[in-house]
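The structure appears right after this line, and notes come after that.
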Amino acid sequence: MTYSGGGEWNFSEDITIMENSDQNLVNYQVLLVLNSSNFNFSSASPAGEDIRFTSGETQLKYWIEEWDLQKETASIWVRVPYIAARGNAKITMFYGNPLAIDASSGASTFEFFDDFAGPNINFGKWDRYYTGGGEIDINGGMLKLIVPKFHPEDVSQVKSEETFAVNSMLVTKRKKVTTGEDSRGPVIEQGFVDPHNENRNQVIVRTELQNETYVSWVLENQKGDARYFPKDMASLNVPEDTWYTTGVAWYVEDELGRVAFFEDGSRVSSMDLASTEEANYVPITDMKAYLFASTYSDVSKNMGYAAFDYAYVRKFVPEEPAVIMATAAVLMQENDSETTPAPVKINIAPPDGKINAIRIFDTAGYNDSTIADLKDSGLNLVMLRVDSGNIWSLERFVKNAHDNGMQVYAMLLSDPERNTEDNSASVREAVDSVMDYNNKSLAGFDGINIALNPCSEDPETACEDSLMLVEGIRESTNSSLPLAVDVPFSYDRSAIGEVSDHVEIFVILTYDAEGNSQDSTANIVDSIAAKMGEIRAAGGDALISVAVDDDFMTDENVQELLERLQDYYAQDPAFMGTEIVVYSEYLDYTEVSPATTEESSPVPGFDIILAIAAIFVLVFTVRKK
């Protein structure tokens, strides 16, 4: 059990989760409600600091939304790796360890999360906009969208940087505070809007009047030229300055876009709406989370603000999974034939000082939660694709990785259309961009990664080119950044010593350009023994790169292979750690088959290996589709 802080867990409860929507759910956030009938609060820490959840050997991410010791109630969201359609998943809850450290994490549990704990708004998460007398303020863990002045155009809003697919739900804990003479207070909106123009596609709930008694939808789908503004379909009737939660769900069922609204966790059925083929007013394009406050247009003094304690986006299906605890009064009659075990989730614990790396081509699918997942799976180094054009767009990712204790190396790829000389010039230009970025950025790269020419044809000239490239990079960086170079499968070990004085890490590829790889500890050890010996003799350090299939995240053999390699090389001074390579991710990105790449390479192997350097990709929950 990780995050322990010491001690032992004295109690555990088995929990069965039943899928009800006929869908396979992956990394789905499931709500667990505890009360005096199903949980002994006196056996746990006062605020639930010792609560933990596991699926098999994998510890699960969770977030405690509420823990009330006096009332003996708690609401906990658990990120469950897999629930088969109409099947069951089983997890275990542990508690009863007074030494345990709190491990509740909204950022790791949800697709998006912000509890506004910082002194300022997180610009990595939100775009902000205000006009008229509108203001945005964060103080004491609370976001305020303020419309404080007598002005008909007071507007204050925030919109998430990240986009979310349909079948998502935005939840906030919020309240309304009126500061003007008009008791109606400000208008509040919450929902999803188009990433480029919030007036083009909208799924928004608007609340108005005193105690927010007037609740309506604002739905718009430009593609269908459809707009729909159903009015006064519910009444929140929440007293002034009172905290409550609201949720806006946006999903597809029976091929139609639908919406639902939740108050304090309960669905308000009068707000349920669905598109029709004639009026497809519910959009299904990716959209951003949206929070908004404004004055009325009638120039009355309805000043005030909307306050938010937290906001998160989670996955949503119309028929949510059912949760049954073993201690509940009514137990489910278990049927083993319908029970689907949760998949094994890879979770490598490298020895102290060792490296587990990941290579990432595109950061678009990564948020705070998925980056935290990388770290919690045992990864501590990211090789990130960089070129002169995209480098500044990567700053937020690099900073988040650093915040999670991971280093980030700039991965410089080759252009297969260029010859050796032009490729070398291109790589050096990219190195210059990295150095310029590091001089100006708050989140600099920790190293650089390139590939060695395999020296398979015209060895003297090819190896000399590799040496000149390495020396040129060293000169450009003034040796201020560590350099990692990739040693291809067919590399002549005799050339390793020539560049060892300029390199911190050799990455030994245990697969060829066609993705053929060694798949056992014995085969890998035998295939790289000579290279490891050469690196050891040169006083160098090496990572061992292993190629695996797309479904490695549910393959316990992958974890076993890596752990055995770490055990085998535990006493080897040259061994720095292991790498995982998902070969199909490389193909998906480059859209070039191994055969055509090999045939078209102007210098055989050089561009292939530079590209293969980019396939140490661990694609866990961040699979794009």
Side-chain angles (χ1 to χ4, degrees), residues 116 128-137 142-159 169-193 198-199 202-220 227-250 258-273 281-282 289-311:
F116 310 110
R128 63 177 183 170
Y129 173 79
Y130 49 89
T131 187
E135 299 176 8
I136 296 175
D137 178 66
M142 180 170 60
L143 167 68
K144 290 183 180 180
L145 302 182
I146 309 171
V147 283
K149 297 180 180 180
F150 175 42
H151 196 288
E153 295 182 357
D154 282 355
V155 170
S156 178
Q157 74 176 47
V158 292
K159 183 170 60 175
M169 181 175 179
L170 170 62
V171 179
T172 66
K173 183 177 180 180
R174 74 188 211 185
K175 65 180 179 180
K176 182 174 78 168
V177 177
T178 300
T179 59
E181 298 176 0
D182 189 333
S183 62
R184 294 179 299 176
V187 177
I188 303 175
E189 295 181 354
Q190 171 182 332
F192 297 92
V193 296
E198 54 261 31
N199 296 318
Q202 301 178 334
V203 175
I204 294 173
V205 167
R206 176 181 293 160
T207 62
E208 304 175 60
L209 304 186
Q210 186 175 7
N211 296 338
E212 299 177 272
T213 55
Y214 193 89
V215 184
S216 59
W217 283 107
V218 179
L219 304 174
E220 185 171 357
R227 301 181 181 183
Y228 192 46
F229 302 95
K231 300 293 186 180
D232 197 15
M233 303 184 67
S235 173
L236 289 176
N237 200 24
V238 178
E240 183 85 2
D241 204 7
T242 301
W243 288 109
Y244 63 102
T245 64
T246 54
V248 176
W250 160 57
R258 300 170 184 261
V259 291
F261 179 69
F262 291 74
E263 178 186 358
D264 285 331
S266 297
R267 187 165 182 165
V268 181
S269 59
S270 61
M271 293 283 286
D272 286 356
L273 287 172
Y281 39 77
V282 177
Y290 173 82
L291 303 174
F292 170 95
S294 74
T295 55
Y296 289 97
S297 59
D298 56 12
V299 202
S300 64
K301 299 181 179 180
N302 61 305
M303 294 92 78
Y305 61 86
F308 299 89
D309 184 53
Y310 56 73

query: Which of parallel (below 30°), tilted (30 to 60°) and perpendicular (above 60°) describes F261 and W217?
result: perpendicular

field: Check against side-chain contact (heavy atoms from CB on, under 4.5 Å), L209 and Y296
entry: CA-CA 10 Å; L209 304 186; Y296 289 97; 4.0 Å; yes

Heavy atoms from other residues, nucleotides or ligands near CZ of F262 exceed 12 (cutoff 6.0 Å): yes

query: Checking side-chain contact (heavy atoms from CB on, under 4.5 Å) against Y290, which of V203, V248, I204, V158 comes through?
result: I204

- request: Quick one: pull up CZ in F308 and CD1 in I188 and give me the separation to the nearest 0.5 Å.
  value: 6.0 Å

field: Gap between atom CZ of R258 and atom CG of L219 - 0.5 Å precision
entry: 13.5 Å

- request: May I have the step-by-step check of side-chain contact (heavy atoms from CB on, under 4.5 Å) for M233 and L273, ending in yes or no?
  value: CA-CA 11 Å; M233 303 184 67; L273 287 172; 4.1 Å; yes

- prompt: Does the pair K176 and E212 meet the rule for a side-chain contact (heavy atoms from CB on, under 4.5 Å), with working shown?
  reply: CA-CA 8 Å; K176 182 174 78 168; E212 299 177 272; 3.9 Å; yes

Ion pair K159/E198, N-O distance below 4.0 Å: yes

- prompt: Rounded to the nearest 0.5 Å, how far apart are CD1 of I146 and CG of D154?
  reply: 11.0 Å

- prompt: What are the two closest heavy atoms between Q190 and L291, and how far apart are they?
  reply: CG-CD2, 3.9 Å

Over all atoms of both residues, closest heavy-atom pair of P186 and M303: CD-O, 4.1 Å

- prompt: Taking atom types as modelled, is there a side-chain donor on S156 or E135 under 3.5 Å from an acceptor on the other?
  reply: no

- prompt: Taking K175 as the fixed residue, which of D309, D241, T242 is the one that meets the side-chain hydrogen bond (donor to acceptor under 3.5 Å, both in side chains) rule?
  reply: D241

Point-to-point distance, once rounded to the nearest 0.5 Å, from OH of Y130 to CZ of F292: 15.5 Å

message: Whether the S235 and T213 side chains hold a donor-acceptor pair (N or O, under 3.5 Å, no angle test) is what I'd like checked.
response: no

message: Taking the six-membered ring of Y244 as reference, does the cationic atom of R174 (NZ for Lys, CZ for Arg) lie under 6.0 Å from its centre and within 45° of its axis?
response: no

field: Full working for side-chain contact (heavy atoms from CB on, under 4.5 Å) between L145 and I136
entry: CA-CA 5 Å; L145 302 182; I136 296 175; 4.0 Å; yes

query: Between T179 and G304, is there a donor-acceptor pair closer than 3.5 Å when you use the side chain of the first and the backbone of the second?
result: yes

- request: Please report the closest heavy-atom contact between V155 and S294, naming both atoms and the distance.
  value: CG2-CB, 4.2 Å

- prompt: For the residue pair A293 and A306, what are the closest heavy atoms and their distance?
  reply: CB-CB, 4.2 Å

field: Given Q210, E240, K301, the one that forms side-chain hydrogen bond (donor to acceptor under 3.5 Å, both in side chains) with T178
entry: E240

query: Is the shortest heavy-atom distance from the side chain of V205 to the side chain of V215 under 4.5 Å?
result: yes

message: Minimum heavy-atom separation for T245 and G265, please, with both atom names.
response: OG1-N, 3.6 Å

- prompt: For the atom pair OH (Y310) and CE (M142), what is the distance rounded to the nearest 0.5 Å?
  reply: 14.5 Å

- prompt: For K231 and Y214, which heavy atoms make the closest approach, and how far apart are they?
  reply: CB-OH, 3.0 Å

Test item: N211 side-chain N/O and N237 main-chain N/O as donor-acceptor pair under 3.5 Å: no

